[in-house]
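Scroll down for the structure; my scribbles are underneath it.
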Amino acid sequence: MNDALNAAHNLTGIVLKSGWEVLEKIPTDNTTGGYFSVCYKVKKQDKEKVRVCFLKAFDYIKFFSLPGGENIADRMAEVTNAFVYERDISKVCKDNHVSKILAANEADIEILPEYVIPQVPYLIFDLASCDVRQKIAYTGECNIAWKCKSLHSVAVGLKQLHYIMVSHQDLKPSNVLVLDDDTLIGDLGRSQSPLHKSPFNDQEYSGDYTYAPPEIMYGSYNKDWKLRAFAIDLYLLGSLAVFYFTGFRFSTLLYDNIPDNFHWRNWHDSFDSVKDYLLNGFSVALQIVKEELTRSIGDNIVTKDLLDIVSYLCYPFPEMRGHPKTNLVKQSVTNGNPYDLERVVSAFDLLQFRARFLSR
Amino acid sequence: MAVFTVNKDRNVIPNFRNLTKTTQLGELDSVNQCSVSLIPSFHDIQSLASDWKKTPSLVIALDLMNHAILSDNKSLTEAIEAANYVFSHPDSTQRQKDFAGKFIGKDILNENHNYNVSFQDFLTDENRQRIRHKIKDLKSFVMIYIRNPFAYVELARLYSIVGNKKQAIRSITTAAHLAPHNRYVIRSLIRLAVHYHEEDLALFCLRQNQYLLKKDPWILASDIAVTTSLSLPATNVKKGIQLLESWNDNMFHISELASAIATLELMNGSRKRSRGFFKKAIENPNDNTLAQVEWANSKDSLLNIDVNYEDLNTFYEAKARDSYLAKKWQDVIELTQKWFVDQPFSKTPVLIGADVAGSVYQDYDTASMFCKAGLISHPNDPLLLNNIAYYHALKNQTKEALEYLDSINFANADQITQLCAKATRGLIHFRNNQFQQGRVLYQEAIEAAYSNNNEYLYFVAYLNYAREEIIANPAQRQTFIEQVEKIPGGLSLDIDCLKASIIGNRD
């Protein structure tokens, strides 16, 4: 169907009933996430200042141009559920004062009767200036203090999500957004929550597999959602920290230091039977991280602290992952959660303070 | 006189190499072929590729490269572009360039962690220094990564190379505490324990692993080999045979097990059953199995098991034993050198190499070098010290010979070595023109060999004595030659060579 007949593609210039003025269309990829959405820049007068935000409109007409073989009914249900979940989880985040997550500020439906498909459901988010990949560098002035501050914000964001029983599952550099020098976690689209109807709740892992922790790649899943999902988030956070400072995901370094015979692609035995070799690869990978941190930050307390954080966040066995003290104390103290992020947030807080001090 | 124990019994005790090499050989592969249900979908590479196209930058290039490496999607055009970008970007770090180089096939580091040192290089001080440095580095490493069992195994291996038994045993025991059910750790421990005659430790470790003994043919093979070497009742043989009969997977995994049972059958006199198991063992063998087959062939010439070495370039021990049987002496020297570098804590390649170099070629420098190589992992070994003294004496370097001989701690020496040392001292006296003292010592050695009923030592001692008497007093040559000719041939390589050299001297 022609875009001219599709309301979702023709919002530019109009003022929505919610008061938002649609400024211009933002080009999106035709990849999984962007296929069914049309994005716009929107603005609204908010008291004395003008707020510029990002609007994501759902494009239902795309269902009619699906390649043959795809079941339109299934796909429609899938995308509709995703929209509803993102809208609902955004509301939960707002209601619980989750400040470090880029959740939708508003969700509504605009009706434009002159088009064949008149209804346009949309979500409005704060407009991020860029994702974190545009902010980080590895040589020269690589802004260690900013990186540490940014990681602290991400840790706070994860902690806030865990507090409301949501696991992000897809924490990666492209989903970490920069907004007025603050860092927020974006894209809750693949998150899971037993309290809300996430389309991915029945999956063991819903994020990108190239970021996944080893237990997932070797097919070992804890049946307890909380233990499984929170352990995954911790690994993703550690891996993100490694990427900030080295340009490598932790998994890249880990699998590079495991002989091919024990790589998850070639291993046909249990996760337990490969653990010794993973631990060996982990030690060597951590040694590489240490070398890289020492090269970029220097042999100082920040390197030591950061390495310490990475070592317990990226531990290859989920049962040993997380802050050692949190993992050791009685579960009743941490509300039954050995992956409680309180101490991790404190560690990042101290780290950002030390990094700031060091950069002075 | 020098003594060699080339023909001593051999069992399928596991080899002890570093983790990388052992892994490459496939000895640590899983024997359980349970299928893993997971088929991960790497769904986001197109999105990253699109980001790369829109805003090419170093960080996005790295992100895409990481993704392509982890999803094994190395043919994606954008990923190759990104790797090239990282490789040539002035701001990328050396390690980022290394990864990018590997990705696009420009491996600038050309990293080869399996350093290939030659036999001669191995004996240099630099190499010893390097081993000491590696030990130091590993000690620092285990201070941080205290739970890593393989670091302790590698420490044990390096300690065994430099002959530090106490630390080697301590390190391997720590590794076994950390990973009590890991095949590599258990087999390394067994090898080291047998090497240091601490078989109790090996047996204790095996008894702790009843579960593995039921299902892992590699561990079961080691158990049978250890009990056979100790002449203990082999309680797990029945289990082993059942496992062999029911095995329908990769034959490589049962190669050592079949070979261990075949050895036991051979020792019990059942050649037919032994041959059957050996044939099973060589269907897809490892080097340990082939070495065992060659040993068995030398032990029982009627066993007659053919091995095809075409694609087995790195099986040094087996090929060395094969060449020894085929009397390809130059090959034996080369292969024993490689065998030694492969397993530097082992004394057997040193003894075989020295035997061939000294006996066949009268190349006492090379023979002495072999023995000195053995001293790295067996410092103060009485047998090796005696052999070095013997080779120096044969070159008329009696002062050096005496120094080596005097450095032997006879409290640690067995009866055979003491007898040999006595004969060597006799040789030194002969070469110093102190014939009477030399004669007395040789006579004592010959009588001791005779009273011990050791035919081999008796002949070797007599032949050495005869050679010295002929050199000292050529007039008596005929008398001694008549006696020498009575010694039967084919008993051992050194006897045959000594005999030939003495009889040859007549002409």
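Computed from a predicted structure; not experimentally measured. Below, read A as the first sequence line, B as the second, and so on, with proteins coming before strands; counting in each chain starts at 1.
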| query | Are A:K172 and B:L48 close enough, and set up right, to give a side chain to side chain contact (heavy atoms under 4.5 Å, CB included), and what steps lead you there? | reply | CA-CA 11 Å; A:K172 54 186 181 183; B:L48 273 176; over 6 Å; no

How many angstroms lie between atom [atom1] of [X] and atom [atom2] of [Y], to the nearest 0.5 angstrom?
X: A:H268; Y: B:D29; atom1: NE2; atom2: CG; value: 9.0 Å
X: B:H181; Y: A:S273; atom1: NE2; atom2: OG; value: 12.5 Å
X: A:N280; Y: B:Y145; atom1: CG; atom2: OH; value: 11.5 Å
X: A:S251; Y: B:I69; atom1: OG; atom2: CD1; value: 11.5 Å

| request: Give a yes-or-no answer on whether the side chains of A:T252 and B:N66 include a donor-acceptor pair shorter than 3.5 Å. | output: yes

| request: Assess the side chains of A:D208 and B:H67: does a donor N or O sit below 3.5 Å from an acceptor N or O? | output: yes

| Looking only at heavy atoms, what is the nearest atom pair of B:S71 and A:T210, with distance? | CB-CG2, 3.7 Å

| note | What one should report as the nearest heavy-atom pair of B:A179 and A:D276 is CB-OD2, 3.5 Å

| request: Determine whether the aromatic ring centres of A:Y277 and B:F150 lie less than 6.0 Å apart. | output: yes

Heavy-atom proximity to chain B below 4.5 Å, by part of [X]:
X: A:F282; value: neither
X: A:T246; value: backbone
X: A:D256; value: side chain
X: A:E292; value: side chain
X: A:F262; value: side chain

| query | What is the ring orientation for B:F99 with A:F248, classed by angle as parallel under 30°, tilted 30 to 60°, or perpendicular over 60°? | reply | tilted

Any side-chain heavy atom of [X] sitting closer than 4.5 Å to one from [Y]?
X: A:M217; Y: B:L70; answer: no
X: A:S174; Y: B:I60; answer: no
X: B:Q94; Y: A:R295; answer: no

| Best-contacting candidate, B:L19, B:V86, B:N148, against chain A by heavy atom pairs under 4.5 angstrom | B:N148

| said: Counting only heavy atoms from other residues, nucleotides and ligands, does the tally under 6.0 Å from CZ of B:R147 exceed 12? | reply: no

| side chain to side chain contact (heavy atoms under 4.5 Å, CB included), paired with A:N261, selected from B:L28, B:L25, B:T23 | B:T23

| task | Test side chain to side chain contact (heavy atoms under 4.5 Å, CB included) on B:V59 and A:F243 and set out the steps. | result | CA-CA 9 Å; B:V59 185; A:F243 187 81; 3.6 Å; yes

| request: Show your working on side chain to side chain contact (heavy atoms under 4.5 Å, CB included) between B:D51 and A:R133 and close with a plain yes or no. | output: CA-CA 10 Å; B:D51 286 350; A:R133 294 174 300 173; 2.6 Å; yes

